[in-house]
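Encoded as structure tokens, the structure appears first; notes follow it.
FYI, side chains are in, hydrogens and waters are out, and symmetry mates aren't considered; it's all heavy atoms of this structure. As the structure lists them, so they are numbered: ligands from 1, and atoms in each ligand from 1.
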Amino acid sequence: MENLEDKIIQADSLDILEKVRVELFGKKGLLAAEFVKLKDIPGPEKKAFAEGLNKNKVALQKIFDNRYEVLKSEEIEKMLKEEAIDVSLYDALTKKGSLHPVTETMDKIIDYFVALNFAVESGPMVEDDFHNFEALNLPRYHPARDMQDTFYFNDGGLLRTHTSPVQIRTMLECKPPIRMIAPGSVFRRDYDLTHTPMFHQVEGLVVDEKGKISFANLKSILIDFLHTMFGEVDVRFRPSFFPFTEPSAEVDISCIFCEGKGCRVCSHTGWLEVLGCGIVDSNVFEAVGYEDVGGYAFGLGVERFAMLIHQIPDLRSLFEGDIRLLEQFR
Ligand code: DAH
């Protein structure tokens, strides 16, 4: 009996204890063998022998159960220690994320104008005819509406085709002077190498008392802005037309790929068109009820900037969600 007890106590792992269990308590185990002897014990001693056996069995079982508990909790302790994870451990292999090139470019543009005290305004993406067209001097049958292929809703609402309606909303809400930019997504029915149905623009508007704002102000701020974005490029203002500005200009920078010599990207002109601008048309001020004011406005496409800065050949790749594209901008 003491011998059996030792077997249990000396088992130092659950595996060994399990072997001991089979050896002692199993069907063909040592205790079972003792019970077999019962049949050979003469009548009068049988009872005492059986009682003794049972007592031993219960005692051994108790010792066994205790040992099992001890070994089991030791094993759990060991497992907790070995499998512990140090969440504070620095892992050199963890990959850092990166900003999408459009976000990064947008941030840079916003930072430039915020530093010059421009307020950042926003407006709804689902617009109405008044804010998107009418108030911007684009009456219903104006041919310039064809410049922008519009997504319409059945109720006459539309997805804004530019961020210019935010000009209108801001002027309707605030009194001059105004100094704002409006970054945001815009939508047009377009899809090719350089167009996606959703893209981003930043609109700018400055309004003050009549006579205070000049085309020279507009030129100087845009030239400095373009130098900040593209480095030391040449900038030229080309007369153009927008319904909401008069006079209007399109602004080109010298091609950053060929330095103005002429290449495929600039269609061998040496120039890249990057934004539109002008002096706010008096009809726009009339639409929002402003009197005796003057101002300038400009608008630019963020994707176009990102494409030029990062030399991205196909605009559509920006919106395919392919992680390999993003990994290049880390
Ligand atoms: N809204 C024009 C567009 O989407 C961009 C633009 C051009 C905005 C000239 C302006 C501006 O404010 O003066 O093509």
Enumerated ligand 1 atoms positioned under 4.0 Å from heavy atoms of T245: 13 (O)
Sub-4.0 Å atoms of ligand 1 with respect to non-hydrogen atoms of C277: 9 (C), 11 (C), 13 (O)
Numbered atoms of ligand 1 (with element) below 4.0 Å of Q201, judged on heavy atoms: 3 (C), 4 (O)
From CG (L159) to CD (E127), nearest 0.5 Å: 10.0 Å
Nitrogen or oxygen of T161 less than 3.5 angstrom from that of ligand 1: no
Ring center gap for H162 and F242 short of 6.0 angstrom: no
Contacting atoms of ligand 1, where contact means under 4.0 angstrom from a heavy atom of G278: 13 (O)
Donor-acceptor contact present, side-chain N217 to main-chain S214, <3.5 Å: yes
Carboxylate-amine/guanidinium contact K37 E34, below 4.0 Å: yes
side-chain hydrogen bond (donor to acceptor under 3.5 Å, both in side chains) between E104 and H310, worked out: CA-CA 11 Å; E104 179 222 61; H310 294 294; 3.1 Å; yes
Close-contact set for ligand 1 against Q167 heavy atoms, below 4.0 Å: 12 (O)
Main-chain N/O of I9 paired with R67 side-chain donor or acceptor, under 3.5 Å: yes
Candidate pair D128 and H131, rule side-chain hydrogen bond (donor to acceptor under 3.5 Å, both in side chains), full reasoning: CA-CA 6 Å; D128 52 44; H131 294 90; 2.7 Å; yes
Structural part of F298 in contact with ligand 1, heavy atom criterion under 4.0 angstrom: backbone
Location of contacts on R188 toward ligand 1, heavy atoms closer than 4.0 Å: side chain
Per atom 13 (O) of ligand 1, closest listed option by heavy atom (G299, S164, A297): A297
